[in-house]
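Taking it in order: structure first as structure tokens, then the write-up.
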There are 2 protein chains.
Amino acid sequence: MNIGEAAARSGVSAKMIRHYEAIGLIGAVRSANGYRVYGERDVAVLRFIRHARDLGFPLEDVRRLLALWQDRNRASAEVKRLALAHVAALESKADSLRRMAASLRHLAAHCHGDDRPDCPILDDLARKD
Amino acid sequence: MNIGEAAARSGVSAKMIRHYEAIGLIGAVRSANGYRVYGERDVAVLRFIRHARDLGFPLEDVRRLLALWQDRNRASAEVKRLALAHVAALESKADSLRRMAASLRHLAAHCHGDDRPDCPILDDLARKD
DNA sequence: CTGGCCCTTCCCAATATGGGAAGGTCAAGG
DNA sequence: CCTTGACCTTCCCATATTGGGAAGGGCCAG
């Protein structure tokens, strides 16, 4: 199958498939006319990548997970370690976002939101520290 | 004062100050030798930008907030609207990260994490949907 | 054989920040 | 007076991810 069908079946855009090939994440076989040719196995790999990306894994992590997935003799410990490190990073980022939202919500609560120019949000942004 | 001191006093790197000037977020006066020259007012503006960035405002929002801050006749309604829209975006992003972390944590909990190759994390990433 | 769709490569865009090279300027001290 | 080191300048490149679009070639049905 050509790149368009592989894209449709994997949920990864053709643009991204070419990109993943360019950065060495996946390989590609070419037919006589230069078109990329894919099989079921490639579609499965692309789906794997998409799911990992959906979980927020950066491509470098995806590269490692993919190597582990394709290694019949891998140890699950390595996968678990990678996953838990990523969970911690995700949760820390989520906390930081919630803290930002909370402080901004607090500032907004004290801004009357009418035609007057006073606004504690701007006052806070202008603080000296 | 030169860019180095303005950077140290505002907490914005010299690199970023030049960038903010390049994209028209701030202006700059040059002395005879071509060096950028800043005053107290500029340091306050840079600090304003840094605080807004710390709260996660993208630069385009910062541009609008800055205009509102510098406008003596602004209405606080606009600031509040911008802030609350941003709060909603932050919270939605935080939720999405927490959902990712939860599902990954769930998968990791069922991965024994030893020398055996079986691992539900990889199995899930390889699923067909 | 022609129209329309698919494929190719290559360039550019956005987000924000930083590294580093090559060269100009200025102040202090030998 | 000249050297040295710290500071400044501009310009290019890099990160990570995805997409838009142009220019050109391939392939099949009507």
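Throughout, a chain's letter reflects where its sequence line sits, starting with A, and its residues are numbered from 1.
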Exercise. Hey, what do you get for CG (A/Leu46) to OH (A/Tyr20), rounding to the nearest 0.5 Å?
Worked result: 8.5 Å
Exercise. Atom CZ of A/Arg50 and atom C1' of D/dT18: how far apart are they, to the nearest Å?
Worked result: 16 Å
For this session: Provide the distance between the two C1' atoms, one in D/dT17 and one in C/dC6, to the nearest whole Å.
Result: 25 Å
Exercise. Can you give the first and last nucleotides of DNA chain C, 5' to 3', that have an atom under 4.0 Å from a heavy atom of chain B?
Worked result: C/dA16 to C/dC26
Seminar exercise, completed: Atom CG of A/Asp61 and atom C1' of D/dA16 are separated, to the nearest Å, by 13 Å
Problem set entry | Option from B/His106, B/His112, B/His110 for which side-chain contact (heavy atoms from CB on, under 4.5 Å) with B/Pro120 holds | B/His110
For this session: Write down the distance between CD1 (A/Ile23) and P (D/dA16), rounded to a whole number of angstrom.
Result: 9 Å
Exercise. Hey, can you pull the residues of residues 10-17 of chain B with a non-hydrogen atom under 4.0 angstrom from DNA chain C?
Worked result: B/Ser13, B/Lys15, B/Met16
Exercise. For atom C1', what is the distance between C/dT9 and D/dA14, given to the nearest Å?
Worked result: 22 Å
Exercise. Can any side-chain N or O of A/Arg47 pair as donor or acceptor with the backbone N or O of A/His51 at less than 3.5 Å?
Worked result: no
Problem set entry | Exam field: side chain B/His86 to backbone B/Asp61, donor-acceptor pair closer than 3.5 Å | no
Seminar exercise, completed: To the nearest angstrom, the NZ-C1' distance between A/Lys93 and D/dA16 comes to 11 Å
Problem set entry | Path from A/Leu84 to A/Leu55 over hydrophobic side-chain contacts below 4.5 Å | no
Problem set entry | B/Arg63 to B/Trp69 six-membered ring, cation-pi geometry met (6.0 Å, 45°) | no
Problem set entry | Note: A/Arg127-A/Asp123 ion pair, threshold 4.0 Å (strictly below) | no
Exercise. If you pin B/Phe57 and A/Tyr35 to their nearest nucleotides in DNA chain C, which one's is more 5'?
Worked result: A/Tyr35
Exercise. Base, sugar-phosphate, or nothing for A/Arg18, non-hydrogen atoms under 4.0 angstrom?
Worked result: base
Problem set entry | Under 4.0 angstrom between B/Arg36 side-chain N/O and D/dT9 OP1 or OP2 | yes
Seminar exercise, completed: Partner of B/Ser96 under side-chain contact (heavy atoms from CB on, under 4.5 Å), picked from B/Arg99, B/Arg98, B/Lys93, is B/Arg99
For this session: Round to a whole Å and report the spacing from CD1 of A/Ile3 to P of D/dC27.
Result: 16 Å
Seminar exercise, completed: Interatomic distance, CD@B/Glu78 vs CZ@B/Arg64, rounded to 0.5 Å, equals 7.5 Å
Exercise. In whole angstrom, what separates B/His19's NE2 from D/dT15's C1'?
Worked result: 14 Å
